[in-house]
Protein chains: 2
Amino acid sequence: MKIRTKDVARIANVSTATVSRVINGSPNVSEKTRQRVLMAIESLNYKPDIFAKNLAKKRFYEIGIGCPDEVFRGIESSEYQFYVKVFEGIQDYFSRKKCNYSIFPFSMLNERDGVEEKDGFLLVGGGISEGIIKKFQDIGKPFVLVDQFISGYDVDCVISNGFDGEYKLIKRFLKTGYRKIIYIHNVAKHFSYEQRMIGYRRAMREKSLEPVIYDFAEGQDLKLILKRILDDNKEPELIAVFEDRYAIDVIEYLKELGKKVPEEIGVLGFDNIISSASCQPPLTTVHVPKEEMGSLAAKRLFDLLNKEDISPVQISLFTKVLMRKSAKLR
Amino acid sequence: MKIRTKDVARIANVSTATVSRVINGSPNVSEKTRQRVLMAIESLNYKPDIFAKNLAKKRFYEIGIGCPDEVFRGIESSEYQFYVKVFEGIQDYFSRKKCNYSIFPFSMLNERDGVEEKDGFLLVGGGISEGIIKKFQDIGKPFVLVDQFISGYDVDCVISNGFDGEYKLIKRFLKTGYRKIIYIHNVAKHFSYEQRMIGYRRAMREKSLEPVIYDFAEGQDLKLILKRILDDNKEPELIAVFEDRYAIDVIEYLKELGKKVPEEIGVLGFDNIISSASCQPPLTTVHVPKEEMGSLAAKRLFDLLNKEDISPVQISLFTKVLMRKSAKLR
DNA sequence: CTGAAAGCGCTTACAG
DNA sequence: CTGAAAGCGCTTACAG
């Protein structure tokens, strides 16, 4: 039933070794036999068994993992908890396959540090720009975006469903009677930030409540924004923040400003980074499966390298609301 | 570096055969040795090589492919071109792996025709309901939805990006000066229908145009709706239809009503089914990679069966606008 | 340029 | 209940 190398070899009147060489583009095959083998493959509609192939192969795929400089530094120092987890997922996957990988910041990209020798790329981080995507499209080798998606670029990517996560979170609190929920939004051009904000907005609108959104830009003083929130709004009940890292800061600042969390005001995060469980009070947040984001992207790239698929896909991970102590569920 | 069965066997003081038996849950292992092997696996952090495993295994996975009765009939008669393609993708994938599959309509589900013996399921069709999803969640075996997603159910699924597709299509025509674009929307609770409609709406709104949407429900007379459209609107330029099957009918009806396509009025479809290329005039539409939708879903289920992943994901295929003759690009 | 043969890491009849 | 051994379908040094 199943067509194997052996069958092709018989039809083409060569050894299985030669069939394998043709398939893998070895130069050491005469044009004549190459044609014969190609015809046999065609006529039998032969496709190599991917399991056997990967078991037998000795050559390792060379993977380049690129990321914005900020992410690169954050990984090196283990400070950027989110991406540290994502990288664990990537490394776990590649270490079990025949893959070598190396990480580089995008600023090193022009130093042609061996892009040529790579078989494919993983581009990690919300900071991936259109320029970066175009650059890798030009290179012409398979690549997968991790934690970023830019509308209009039909490119393989793995993301988390920020819209759905924030929507579920806010809805949960609206259901128990909360009304004055304020959102702090990061204006950085990151797909997930935008989606989270839209999720908040949708949840509010569905309850006929006017969304109240404060923009934050990298480098700005969060504490100042917080003061403004407290000035502008009388007795806000809940502050939802675009990301755990900053939600944890918000809790601290709120304390400094003399507000009790969660008694007077609740705080909501997003990501479920490790320290969100250990801060005081522990942060109510949305869990994002970070390791899986990494391993899924690694796997997708691996499939691409194996020519398993053709059409680009967007893979979106579902999130999970995590109730902890930074906001009281009435 | 890499841990193999052999290493576990040595530590546990058994043969590799026994290690394999423990991993695969064979009953023919004494409790004592099972524990020893389990400990060895744990201590070495051993994970079987999936390629070797699948190459060596003799047992086939048993897959059940369920679908709404309408889809089932449409497949059998080869009339439902969209799903025929999806099934080709599924079959192509499974036929190359150690998988047996059988197709059943949901109406047969209660006849307990061997759900027990199945290892996993593919649920195919826009008509998959919450009830069906719940039923399969109760069964507790891996399953993946194909061409359907229901918000709130964090379940593995493979869909096409209807929003993005329709948005791109409409935008393309708006750009060249079209203004009076009318949309026929199918009210059936199908994720993609909704998304396509929203894509149309978004494109219109971005140009500050008021969306004009006519609802269609299965069983209704399309021709009547068309007459209403022609009566309500003076000189509509373009009619965008939720799906090729009906867009082709719309072309026919329009001709019957004395309208020239595309000279007087253009028609836009969605899906790129085979007959959309051969109808007169050939239909301008949005290509959905149907075979890949099937093979991607089959692959996802296979990965689930191999316990490769844990978190459920939504896999969304990008679409492509296809310019043909049923609408003039000015 | 080509083929015979070993080997990749598992599973599973088979024999005991 | 357990182990020795064959075999899954490829790739790739090795020898020619």
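Lettering follows sequence order; numbering is per chain, from 1.
Between the CG atom of A/Leu55 and the C1' atom of C/dG7 there is a distance of 9 Å, rounded to whole Å. When rounded to the nearest whole Å, the span between CZ of B/Arg10 and P of D/dG3 equals 15 Å. At whole-Å resolution of the value, CG in B/Asn54 and C1' in D/dG9 are 13 Å apart. Rounded to whole Å, atom P of D/dC1 lies 14 Å from atom CZ of B/Arg36. One atom, CD1 of B/Ile3, and another, P of C/dC8, lie 15 Å apart when rounded to the nearest Å. Nucleotide C/dG9 holds its P atom 14 Å from the CD1 atom of B/Ile23, rounded to whole Å. Regarding A/Asn13, its CG atom lies at a distance of 12 Å from the P atom of C/dT2, rounded to whole Å.
More than 12 heavy atoms of other residues, nucleotides or ligands lie within 6.0 Å of NZ in B/Lys97, so this atom counts as buried by the packing criterion.
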Using a cut-off of under 3.5 Å, enumerate the N/O to N/O pairs linking the protein to nucleotides 12-16 of chain C.
unit_1, atom_1, unit_2, atom_2, d
C/dT12, OP1, B/Lys58, N, 3.3
C/dT12, OP1, B/Arg59, N, 3.4
C/dA13, N6, B/Arg21, NH2, 3.3

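No side-chain N or O of A/Thr319 forms a donor-acceptor pair with one of A/Asn161 less than 3.5 Å apart. Between A/Ser160 and A/Lys290, the side chains place no donor N or O within less than 3.5 Å of an acceptor N or O (distance only, hydrogens not considered).
The B/Thr33 side chain lies nearest to D/dT2 when the options are D/dT2, C/dT2, D/dG9.
Residues B/Glu76 and B/Arg73 are not paired through a salt bridge, judged by the lack of any N-O separation under 4.0 Å between the basic side chain and the carboxylate. A salt bridge between B/Asp92 and B/Arg96 is present, with a side-chain N of the basic residue lying under 4.0 Å from a carboxylate O of the acidic one. A salt bridge links B/Asp7 with B/Arg10: the distance from a Lys NZ or Arg NE/NH1/NH2 to an Asp or Glu carboxylate oxygen falls below 4.0 Å.
Looking at DNA chain D, the stems built from 3 or more consecutive Watson-Crick or G-U wobble pairs, each pair with its key distances under 3.5 Å, are C:1-3 with D:14-16, C:5-12 with D:5-12, C:14-16 with D:1-3.
Here the CZ-CZ distance, from A/Phe94 to A/Phe87, works out to 10.5 Å after rounding to the nearest 0.5 Å. Taking CD of A/Gln35 as the reference point, atom CE of A/Met39 lies at 8.5 Å (rounded to 0.5 Å).
The side-chain heavy atoms of A/Leu304 and A/Asp156, taken from C-beta on, include a pair separated by under 4.5 Å. Under the 4.5 Å side-chain criterion, counting only non-hydrogen atoms from C-beta, B/Asp49 is not in contact with B/Arg4.
Residues A/Ser15 and B/Arg4 both approach DNA chain C. Their nearest nucleotides, taken by heavy-atom distance, put A/Ser15 toward the 5′ side.
For DNA chain D, none of the residues of residues 38-53 of chain B falls under the heavy-atom distance limit of 4.0 Å. The stretch residues 91-101 of chain B has no heavy atom under 4.0 angstrom from DNA chain D at all.
For B/Phe143 and B/Phe121, the gap between ring centers reaches or exceeds 6.0 Å.
Only the P atoms considered, C/dT2 is 23 Å distant from C/dA6, to the nearest whole Å. If you take atom P in C/dA5 and the same atom in C/dC1, they sit 23 Å apart, rounded to whole Å.
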Please tabulate, for the side chains in residues 51-60 of chain A, all donor-acceptor contacts under 3.5 angstrom to protein atoms that are two or more places apart in sequence or on a different chain.
unit_1, atom_1, unit_2, atom_2, d
A/Lys53, NZ, A/Asn24, OD1, 3.4
A/Asn54, ND2, A/Ile50, O, 3.0
A/Arg59, NH2, A/Asp119, OD1, 2.9
A/Arg59, NH2, A/Asp119, OD2, 3.1

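Among the protein residues, B/Val14 comes within range of the sugar-phosphate backbone only, with heavy atoms under 4.0 Å from sugar or phosphate atoms but none that close to a base.
By the side-chain contact (heavy atoms from CB on, under 4.5 Å) test, B/Asp138 is found to be paired with no residue, residues two or more places apart in sequence or in another chain being considered.
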| A/Glu88 and A/Lys85: salt bridge (Lys or Arg N to Asp or Glu O under 4.0 Å), yes or no, with the steps? | CA-CA 5 Å; A/Glu88 281 176 20; A/Lys85 283 288 176 191; 3.7 Å; yes
